[in-house]
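Below you'll find the structure, written out as structure tokens, and then a few comments.
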2 protein chains.
Amino acid sequence: MQKTGQPTINDVARIASVSKKTVSRVINRSPLLNDDTRKRVEDVIAELGYIPNPQARALALRRNFLIGLVHDNPNAQTVLNVQQGMLEALHGSEFEMVVRPLDRGSATMLEDLRHFLERQRLFGVLLMPPVSENDSVARLCDAIGCRYVRMGSAVIDDNDHMVASNDREAVRIATEYLIAQGHRRIGLVAGPHGFRSARERRLGFEDALGAAGIALPRSMIADGNYTFESGLAAAERLLDLMPRPTAIFSSNDEMAAGIIHAARQRGLDIPRDLSIVGFDDTPIAAHVWPPLTTVRWPIASMARSAALKLIAGADDGSDLVEEPSLFLSTLIRRGSVAPPLDAETA
Amino acid sequence: MQKTGQPTINDVARIASVSKKTVSRVINRSPLLNDDTRKRVEDVIAELGYIPNPQARALALRRNFLIGLVHDNPNAQTVLNVQQGMLEALHGSEFEMVVRPLDRGSATMLEDLRHFLERQRLFGVLLMPPVSENDSVARLCDAIGCRYVRMGSAVIDDNDHMVASNDREAVRIATEYLIAQGHRRIGLVAGPHGFRSARERRLGFEDALGAAGIALPRSMIADGNYTFESGLAAAERLLDLMPRPTAIFSSNDEMAAGIIHAARQRGLDIPRDLSIVGFDDTPIAAHVWPPLTTVRWPIASMARSAALKLIAGADDGSDLVEEPSLFLSTLIRRGSVAPPLDAETA
DNA sequence: TTGTACGCGTTATCAC
DNA sequence: GTGATAACGCGTACAA
């Protein structure tokens with residue numbers, strides 16, 4: 001025992017009457033080991049409660065036992081869901097989660113990330129959208145030799161490096177639901193330019209309208225940036241239209257909450273005068289009034305899967321099951337959708 | 001240069017024609033150093049872009065350059081605000097943030113934390129409520145030799161180990177505001193037992209009512225656990241009362257959102273039929289309808305200050321300004337409070 | 001003021 | 001199969 005109180009590999013080696021290297025082999029599950037020696041060493045390890053020192057391992061392996069969460073996502077709830085999914089995957093493993101926000105739009109963003117990765121020698125990083133959509137970031141990770149998995153709303157990398165949801169299809173289905181309710185004048189509050197999720201969701205919306213033969217004038221699309229305020233502003237524009245849309249699809253829940261606000265300020269009743277569908281299914285969706293019909297984005301499960309991909313093969317070796325790479329979003333029907341008052345027969 | 005591409009302390013020493021130790025002294029700002037040598041070494045460091053390897057330092061110093069966020073807080077937005085405050089403080093420093101959720105109520109919670117701290121050798125930890133209120137946790141940190149700062153709603157430790165808000169006073173002021181509006185039948189939705197914040201806020205509520213000579217029957221207090229659902233359930237009980245309270249103070253915003261929901265389900269208009277005041281000022285407060293009058297809890301600033309306390313003296317040495325330990329919460333007046341309809345003259 | 005030798009706890013090399 | 005011995009990159013006695 002050292003003065004720190006923690007037993008070291010030397011203690012184990014001495015007591016088990018073997019060399020350090022043999023202990024190391026036991027720890028790292030080297031296949032070429034006599035079963036007797038292995039057993040003896042394992043017993044001593046258990047008896048001493050020995051745990052390998054992560055700092056020393058990091059130095060020797062030139063690699064830390066940390067998984068990074070790299071993101072520049074403005075949505076608090078989304079970030080937290082991802083964290084929870086990651087933590088769940090990492091729980092009980094030797095890995096810890098370190099969070100690293102990135103300053104989107106900063107010219108030195110890539111340099112900052114490089115410094116971070118080179119210095120910390122992370123085992124791997126989980127890339128959240130929208131930075132995950134940046135190919136140069138992925139290439140940087142590759143070049144540095146840091147494992148990575150990208151999360152996103154469309155498949156833009158191979159299975160080992162990607163966990164995606166099918167936003168386009170999910171929004172198409174949600175929009176078809178609106179159409180099936182009788183809506184024909186349907187507005188879209190889109191997400192910010194440059195976000196793949198925004199693009200995919202918009203495409204799904206257009207797919208559904210196109211398939212139903214419904215025209216989509218440019219005025220029916222209002223841009224937002226995933227914030228409550230932008231949703232409110234977008235709704236103002238949409239609700240000024242004559243005739244007014246009878247339904248709005250919002251590219252995320254937070255903007256949908258803004259839309260509800262705007263509608264209420266005009267004395268519009270939801271869903272009687274206006275139907276709304278959101279995307280994400282964050283807690284806010286269930287807590288606004290009326291409860292929001294929305295698309296459930298399984299972002300926590302995706303993050304969990306991504307983290308497992310990251311550490312696959314690194315631990316017990318017990319998990320050889322392939323983690324899923326594509327997740328399906330489902331429509332959650334609550335109280336914010338009803339048939340339009342002026343149901344036209346198309 | 002090593003094969004890794006990163007220059008090491010040896011490279012610097014060799015090129016600057018000094019010993020490793022001298023370079024080490026420059027890095028660690030040892031006072032006893034010839035200015036010439038220092039300058040020469042600093043030049044080489046800049047030229048090479050040398051950055052000390054954190055893993056090697058961690059091993060030698062038996063201490064990592066990581067700050068832990070230890071929490072068992074159920075409120076997502078609160079956790080995220082704290083993270084943002086921490087990150088802000090850590091930005092540009094050599095420290096990274098690792099997040100460690102704790103399983104409250106778990107019998108092995110303390111053991112889990114001990115393992116975590118002993119293994120990772122964190123530089124320090126930020127303790128969030130409610131686990132921060134647990135004295136054995138603080139003693140554990142002390143025993144292990146890990147710096148810590150506790151966040152909370154009351155001062156329960158010395159300045160170096162505590163950043164607190166004055167919830168009791170803030171709630172007293174908020175309640176006085178309600179009383180000044182003419183309310184006499186005021187309900188309280190309390191926080192969960194065992195949370196110091198819940199206790200302080202309740203005490204502040206009782207202080208105000210007592211000072212105004214208003215009786216507080218037990219039926220006017222409903223317990224919640226800081227969740228939306230619990231707020232909704234508590235409101236059900238309060239609104240069943242005859243006569244009904246004309247105002248409710250909610251111990252946090254999320255429960256206040258639940259109260260709004262319950263009121264709306266009964267066709268009650270806010271603030272006409274019922275005034276509501278919340279606590280926290282999370283985004284939800286501004287996004288519900290009507291916008292919630294609430295107490296702004298400066299949790300992000302508190303976390304920032306706590307993190308700075310943690311790393312004080314560890315970095316440049318440039319910051320010798322004492323970080324504040326007590327933060328004041330302020331009342332934010334929005335749309336959820338109005339005088340009662342049946343304004344009695346007390 | 002500066003340098004030498006060694007320790008931190010682990011993994012890797014290459015013998016046996 | 002197993003064991004000396006040398007990395008890994010930095011900090012600290014102690015000496016000079």
Side-chain angles (χ1 to χ4, degrees), chain A residues 1-42 44-45 48-65 94 118-121 123 145 314, chain B residues 1-42 44-45 48-65 94 118-121 123 145 314:
Chain A
M1 298 277 184
Q2 310 304 330
K3 48 212 157 197
T4 76
Q6 320 268 28
T8 78
I9 198 172
N10 288 307
D11 300 318
V12 177
R14 183 167 33 76
I15 297 180
S17 308
V18 294
S19 75
K20 278 167 36 164
K21 182 56 196 174
T22 301
V23 179
S24 177
R25 285 200 180 91
V26 172
I27 294 169
N28 297 305
R29 297 190 162 66
S30 163
L32 16 79
L33 251 180
N34 188 319
D35 280 349
D36 290 348
T37 15
R38 178 194 302 274
K39 179 80 175 66
R40 193 165 78 244
V41 173
E42 277 173 347
V44 175
I45 289 180
L48 257 47
Y50 163 72
I51 298 173
N53 179 314
Q55 285 76 41
R57 299 231 287 167
L59 179 58
L61 290 170
R62 292 174 209 69
R63 157 164 297 206
N64 230 318
F65 287 82
E94 55 197 337
E118 283 183 344
R119 280 174 47 88
Q120 296 306 130
R121 297 266 171 77
F123 187 88
Chain B
M1 298 277 183
Q2 308 305 330
K3 47 212 158 196
T4 76
Q6 320 268 27
T8 77
I9 197 172
N10 289 309
D11 299 318
V12 177
R14 184 166 33 76
I15 297 180
S17 309
V18 294
S19 75
K20 274 170 33 169
K21 178 59 196 171
T22 303
V23 180
S24 176
R25 285 202 180 89
V26 173
I27 294 169
N28 297 307
R29 298 190 162 66
S30 163
L32 17 79
L33 252 180
N34 188 319
D35 281 348
D36 291 347
T37 5
R38 179 192 303 272
K39 180 80 173 65
R40 195 165 75 242
V41 173
E42 277 173 348
V44 175
I45 287 179
L48 258 46
Y50 164 73
I51 299 173
N53 178 315
Q55 285 75 43
R57 295 184 79 188
L59 181 57
L61 291 170
R62 291 175 208 73
R63 157 163 296 205
N64 231 318
F65 287 82
E94 55 197 336
E118 283 183 344
R119 281 174 46 88
Q120 296 307 129
R121 296 269 172 76
F123 187 88

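Every chain is numbered from 1 and lettered A, B, ... according to where its sequence line falls, protein lines coming before strand lines.
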Atom-to-atom span, [atom1] of [X] to [atom2] of [N] - whole angstrom:
X       : N      : atom1 : atom2 : value
B:Asn10 : D:dC10 : CG    : C1'   : 9 Å
B:Phe65 : C:dC8  : CZ    : C1'   : 14 Å
A:Gln6  : C:dT10 : CD    : C1'   : 15 Å
A:Arg14 : D:dG3  : CZ    : P     : 15 Å
B:Ile9  : C:dT4  : CD1   : C1'   : 14 Å
A:Arg63 : D:dG9  : CZ    : P     : 15 Å
A:Glu94 : C:dT10 : CD    : C1'   : 13 Å
A:Leu59 : C:dG7  : CG    : C1'   : 12 Å

(message) Which nucleotide wins on minimum distance to the side chain of B:Tyr50, given the candidates C:dT2, D:dC10, C:dT10?
(response)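 Looking only at heavy atoms from C-beta outward on B:Tyr50, the closest nucleotide is D:dC10.
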
Rounded distance (nearest 0.5 Å) linking atom [atom1] of [X] with atom [atom2] of [Y]:
X       : Y        : atom1 : atom2 : answer
B:Asn10 : B:Lys20  : CG    : NZ    : 5.0 Å
A:Thr8  : A:Leu48  : OG1   : CG    : 9.0 Å
A:Ile9  : A:Ile45  : CD1   : CD1   : 8.0 Å
B:Thr37 : B:Arg25  : OG1   : CZ    : 10.0 Å
B:Gln55 : A:Arg119 : CD    : CZ    : 9.0 Å

(request) Would you please test A:Arg57 and A:Ile27 for side-chain contact (heavy atoms from CB on, under 4.5 Å) and show each step? (result) CA-CA 11 Å; A:Arg57 299 231 287 167; A:Ile27 294 169; 4.1 Å; yes

Ignoring hydrogens and angles, are the base of [N] and the side chain of [X] linked by a donor-acceptor pair under 3.5 Å?
X       : N      : value
B:Arg25 : C:dG3  : yes
A:Lys21 : C:dA12 : yes
A:Lys20 : C:dG9  : no

(message) Here's a test of your reading of the structure: between B:Ile27 and A:Leu33, which maps to the more 5' nucleotide of DNA chain D?
(response) A:Leu33

(request) May I ask you to decide if B:Asn64's main-chain N or O and B:Arg121's side chain share a donor-acceptor pair within less than 3.5 Å? (result) no

So, is [X] close to the [N] phosphate, meaning a side-chain N or O under 4.0 Å from OP1 or OP2?
X       : N      : value
A:Thr8  : C:dG9  : no
B:Ser24 : D:dG11 : yes
B:Ser19 : C:dT4  : no
A:Asn28 : C:dT11 : yes
B:Thr37 : C:dT2  : yes
B:Arg57 : D:dC10 : no

(message) Taking any heavy-atom pair under 4.0 Å as a contact, classify B:Val23: base, sugar-phosphate, or nothing.
(response)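 Nothing, no heavy atom under 4.0 Å.
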
(message) Considering every strand and a 4.0 Å limit on heavy-atom distances, what is the contact class for A:Leu61: base, sugar-phosphate, or nothing?
(response)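 Sugar-phosphate, no base atom in range.
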
(message) Does this structure show an ion pair linking A:Arg14 with A:Asp11, if we count only N-O contacts that are shorter than 4.0 Å?
(response) yes

(message) Both B:Asp35 and B:Ala56 contact DNA chain C. Taking the nearest nucleotide for each, which residue is further toward the 5' end?
(response) B:Asp35

(message) So for the helix from C:dT1-D:dA16 to C:dC16-D:dG1, with five pairs setting each end axis, what is the inter-axis angle to 10°?
(response)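 It comes to 40° between the two terminal axes.
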
